[in-house]
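Below: one structure, written as structure tokens.
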Amino acid sequence: MEMKIMLAAALFFAGFLWVYLIIRQLLFNLAVAYPTLNKMKALKEDLIVIGAWRYTHISMAVCILFSAVVLFVVFRFCPTYMLISFGVGSLICFLFLVTKIKPENKAMFDSFCNAYCRFVPDDELRTLMFEKEYKKIDRRLRELGCSASFVPEFKKES
């Protein structure tokens, strides 16, 4: 009986980690990366290079592949009580993350700037994104003849 409880706890933790490490990245790509990249492309065609989309597509493919492997292993080899533990751990982590994964969240936008600054051809804008200088990003975009609509409003004030 103790072994079943320990295995259920391990699967609970595994479900939590699966959502936190893999599904969070998948949600980040869908809710933050793709919309922000589309906004940047709409502002100016050469504001961000095509490699950013490839990078995001590869990230999506890897997350989907890892998710499929994890789900196959869990559903194939775990009894019902472990499936329930895995599901509960996944659900709890998902509920913690779902409200935070949006471009208006400072941590998510910072992550976007960190990951995608390397795909910005303009040196000054790339540096400002890396350093997360949102007022200066706004100013630089205006110098380039663009609006800063992809930078969330509260970011411009900080």
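As the structure is a computational prediction, the values presented were derived from the model and not from experiment. Numbering starts at 1 and runs along the sequence shown. The basis for the numbers below is simple: all heavy atoms, side chains too, and nothing from hydrogens, waters or symmetry mates.
Listed by chain and residue number, nothing satisfies the ring pair (Phe, Tyr, Trp, His ring centres under 6.0 Å) test with Phe16 (two or more places apart in sequence, or in another chain). Taking Asn114 as the reference, Lys132 meet the side chain to side chain donor-acceptor pair (under 3.5 Å) condition, with sequence neighbours excluded. Residues passing the side-chain contact (heavy atoms from CB on, under 4.5 Å) test with Tyr116, sequence neighbours excluded: Phe28, Asn29, Ala33, Leu37, Ile48, Ala52, Tyr55, Thr56, Phe112, Phe119. Applying the ring pair (Phe, Tyr, Trp, His ring centres under 6.0 Å) test to Tyr34 and every residue at least two apart in sequence or in another chain returns His57.
Between the SG atom in Cys63 and the CD1 atom in Ile58 there is a gap of 12.0 Å [rounded to 0.5 Å]. Atoms CG and CZ, on Leu125 and Arg140 in that order, are 7.0 Å from each other to the nearest 0.5 Å. The line from CD of Glu133 to SG of Cys113 is 11.0 Å long, rounded to the nearest 0.5 Å. Note that CD1 of Ile84 is 13.0 Å distant from CG of Leu91, once rounded to the nearest 0.5 Å. Here NZ of Lys136 is found 15.5 Å from CE of Met129. Values are rounded to the nearest 0.5 Å. The CZ atom of Arg54 lies 15.5 Å from the OG atom of Ser59; values are rounded to the nearest 0.5 Å.
When every heavy atom of Ile101 is checked against every heavy atom of Ala31, the shortest pair comes out as O-CB, 3.7 Å. The two residues Cys78 and Leu11 make their nearest non-hydrogen contact at SG-CD1, 4.0 Å. Lys102 and Met108 get closest at one heavy-atom pair: O-CB, 3.4 Å. Shown here for Leu30 and Pro35, the closest heavy-atom pair between the two residues is O-CD, 3.4 Å. The shortest heavy-atom contact between Asn105 and Lys100 is ND2-O, 2.8 Å.
A heavy-atom distance below 4.5 Å is found between the side chains of Pro121 and Val49. Residues Leu43 and Ser147 are in side-chain contact: their nearest non-hydrogen atoms beyond the backbone lie under 4.5 Å apart. Residues Leu144 and Leu47 meet the side-chain proximity criterion, which asks for heavy atoms closer than 4.5 Å. Using a 4.5 Å cut-off on side-chain heavy atoms (C-beta onward), Val151 and Asp138 make no contact.
In terms of hydrophobic clustering, with Ile, Leu, Val, Met, Phe, Trp and Tyr side chains grouped at heavy-atom distances under 4.5 Å, Leu97 and Phe13 are assigned to a common cluster. Following chains of ILVMFWY side-chain contacts shorter than 4.5 Å, one can reach Leu27 starting from Leu71, so the two form part of one hydrophobic cluster. Linking ILVMFWY side-chain heavy atoms closer than 4.5 Å, directly or via other members, places Val62 and Val19 in a single hydrophobic cluster. When the side chains of ILVMFWY residues are joined at heavy-atom separations under 4.5 Å, either directly or via intervening members, Tyr20 and Val73 end up in two distinct hydrophobic clusters. A continuous path of ILVMFWY side-chain contacts below 4.5 Å connects Ile64 to Leu21, so both sit in one hydrophobic cluster.
Within the structure, ring pair (Phe, Tyr, Trp, His ring centres under 6.0 Å) contacts touching residues 64-102 (residues at least two apart or in different chains) are Trp18-Phe86. Applying the salt bridge (charged side-chain N to carboxylate O under 4.0 Å, His left out) rule to pairs touching residues 17-43 yields Lys41-Glu45, sequence neighbours excluded.
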From CA spacing to verdict: side chain to side chain contact (heavy atoms under 4.5 Å, CB included), Leu26, Ile22: CA-CA 6 Å; Leu26 193 69; Ile22 298 171; 5.8 Å; no

Val32 vs Phe109, side chain to side chain contact (heavy atoms under 4.5 Å, CB included): CA-CA, chis, key distance, verdict: CA-CA 8 Å; Val32 178; Phe109 194 74; 5.6 Å; no

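A salt bridge does not link Arg126 with Asp122: none of the charged nitrogens is closer than 4.0 Å to a carboxylate oxygen.
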